[in-house]
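Please read the structure below before turning to the comments.
Just the heavy atoms: all of them, side chains too, but no hydrogens, waters or symmetry mates, feed the values below. For ligands, and for the atoms within them, numbers begin at 1 and follow the listed sequence.
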Amino acid sequence: MNTRIENLTARRARILGRNLTVAYEQPLNIVRGSMQYLYDDEGRQYLDAYNNVAHVGHCHPQVVAAGQRQMELLNTNTRYLSELILDYAERLTATFPESLNVCFFVNSGSEANELAVRLARAHTKARDLIVLDHAYHGNTTTLIDLSPYKHDGPGGAGAPSWVHKVRLPATAGDANQVADLIAKLAAPLCGFMAESMPSVAGQIVLPDGYLGAVYDAVRRAGGVCIADEVQTGYGRIGTHFYAFEKYGVVPDIVVLGKPIGNGHPIGAVITTRAIADSFANGMEYFSTFGGNNVSCAIGLKVLDVVREEKLQSHALRIGEHLLAGLNELNRRHEVIRAIRGSGFFLGVELAHEAGGIVNQMRERGILMGTEGPLHNVLKIRPPMPFSEANADQLLETLRSVLKQL
Ligand SMILES: Cc1ncc(COP(=O)(O)O)c(C=O)c1O
């Protein structure tokens, strides 16, 4: 570690909370970003292969310009009429099935999931929720309760009595586990919250038929279905704009975050008129920053860029190229146990912890992360402009790292 990095690391330990972690054995001081590339304080370029927040590319010039223009003009809250928020809400709901036609804007994925829980409780008048094992839904008190990844992990205190966990499915038949659980519940069911492709659990694709059967069971019990699309939305999986569409289901509440502001903090909840009306029970709903003019200008521009640059079909094409290359590596390297995912939402499951490989990839200029309860899944979730040449570079570098294991 050079002295500049050592000094920054020491300053950080003095002034920031100790449970903020840094990535990589040799921490990076990233000072600039451009599309799928990041640059450190010595000007070294890194290929970003896992930051799904910079969805249309780090500092995409059109998104930056939209934010700058609006910051110079006005930035205030939803208590004034504004065409911008209406344009954004109309454009956003147009990406959903017809029944999902009311928007709420907040400032993070956590805030959006938290609001989704409030909406579900207002509508069902019930409290108990079902979640998938190893899930992560956010950092608030309620969401830690709903995130087995946190409450069952270090420092966690387990699930409270109103949270019910089901195991990650291997087949569509595992939906029976949800039906059995519901049959045994002592309290009424509020709903089911899950990522349509569980990410923190290890970049999982749910078996066909599972989500449909679970949604049916939940609705029969009077509950609502909440889809956390914070990681998977906006065309990332290539085949569909949202991952729930892959399974032919329509949720009652959808939660968006990370990519929709391309790094600017925006979260959104999209729901049905009936659920939104249940929530409008006389208590005002207000978020100081949620739906502010600058966020709306940025959010609209992100939607424009995703469409104009045809990023969904790009993710599908390059994702398939990556999958083919990863499957080839799988045939040659015993350490790889499984390759899975869709588009730019891919996972490489290894026979052991993946941290060593991630650190070696970083040394070779490629930034990746790990996922899964055993930290043995390499996640590949790049900014969407990630090119075919970038994919080849990643595959070639991974091949040389695996060879040296
Ligand atoms: C699936 C999922 N939901 C919710 C969140 C919480 O979003 P935020 O960190 O913006 O609060 C995350 C963050 O990692 C996430 O991965």
Side-chain angles (χ1 to χ4, degrees), residues 17 19-23 48 50-55 104-120 129-153 156 163 165 168 191-206 211 225-234 236-237 242-244 246 251 253-270 287-292 295 298-299 302 341-342 344-347 368-373 375 377 379-383:
N19 46 358
L20 283 177
T21 60
V22 274
D48 186 350
Y50 80 117
N51 190 332
N52 57 346
V53 175
H55 191 71
F104 294 85
F105 293 111
V106 292
N107 313 287
S108 67
S110 297
E111 229 185 298
N113 269 326
E114 187 75 34
L115 178 58
V117 172
R118 287 186 66 197
L119 286 162
L129 283 152
I130 301 174
V131 294
L132 291 177
D133 201 2
H134 308 298
Y136 177 65
H137 294 295
N139 60 32
T140 64
T141 305
T142 301
L143 294 172
I144 296 298
D145 283 344
L146 286 166
S147 299
Y149 165 68
K150 290 291 181 195
H151 66 233
D152 286 342
V163 173
K165 183 174 75 178
L168 283 166
F192 171 77
M193 175 184 271
E195 285 186 274
S196 314
M197 284 193 188
S199 53
V200 172
Q203 304 284 98
I204 310 279
V205 180
L206 298 173
L211 213 49
C225 302
I226 304 172
D228 181 336
E229 291 271 346
V230 165
Q231 299 261 6
T232 45
Y234 274 36
R236 170 157 299 279
I237 71 161
Y242 297 106
F244 68 79
K246 176 177 159 54
I253 302 174
V254 177
V255 172
L256 300 177
K258 296 183 193 282
I260 72 170
N262 206 50
H264 182 82
I266 311 178
V269 181
I270 298 85
S287 163
T288 301
F289 301 123
N292 72 72
S295 295
I298 289 174
V302 172
S342 176
F344 280 156
F345 184 87
L346 301 173
M368 299 173 80
T370 66
E371 288 290 22
H375 308 286
V377 180
K379 69 174 160 193
I380 304 175
R381 245 174 6 209

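- Counting only residues at least two apart or in different chains, salt bridge (Lys or Arg N to Asp or Glu O under 4.0 Å) contacts with residues 138-152 comprise D152-K165.
- I237 CD1 to Y242 OH: the interatomic distance, rounded to the nearest 0.5 Å, is 12.0 Å.
- Listed by chain and residue number, the protein contacts of ligand 1 are S108, G109, S110, N113, Y136, H137, G138, E195, D228, V230, Q231, K258 (heavy atom within 4.0 angstrom).
- Side chain of N113 to main chain of H137: a donor-acceptor pair is present (N/O by atom type, distance under 3.5 Å, no hydrogens or angles).
- Atom CZ of F244 is separated from atom CG of L206 by 14.0 Å, given to the nearest 0.5 angstrom.
- Evaluation of the side-chain contact (heavy atoms from CB on, under 4.5 Å) rule for S110 yields S108, N139, T140, L143 as partners, not counting sequence neighbours.
- For N52, the side-chain contact (heavy atoms from CB on, under 4.5 Å) criterion is met by Q231, R236, K258, R381, not counting sequence neighbours.
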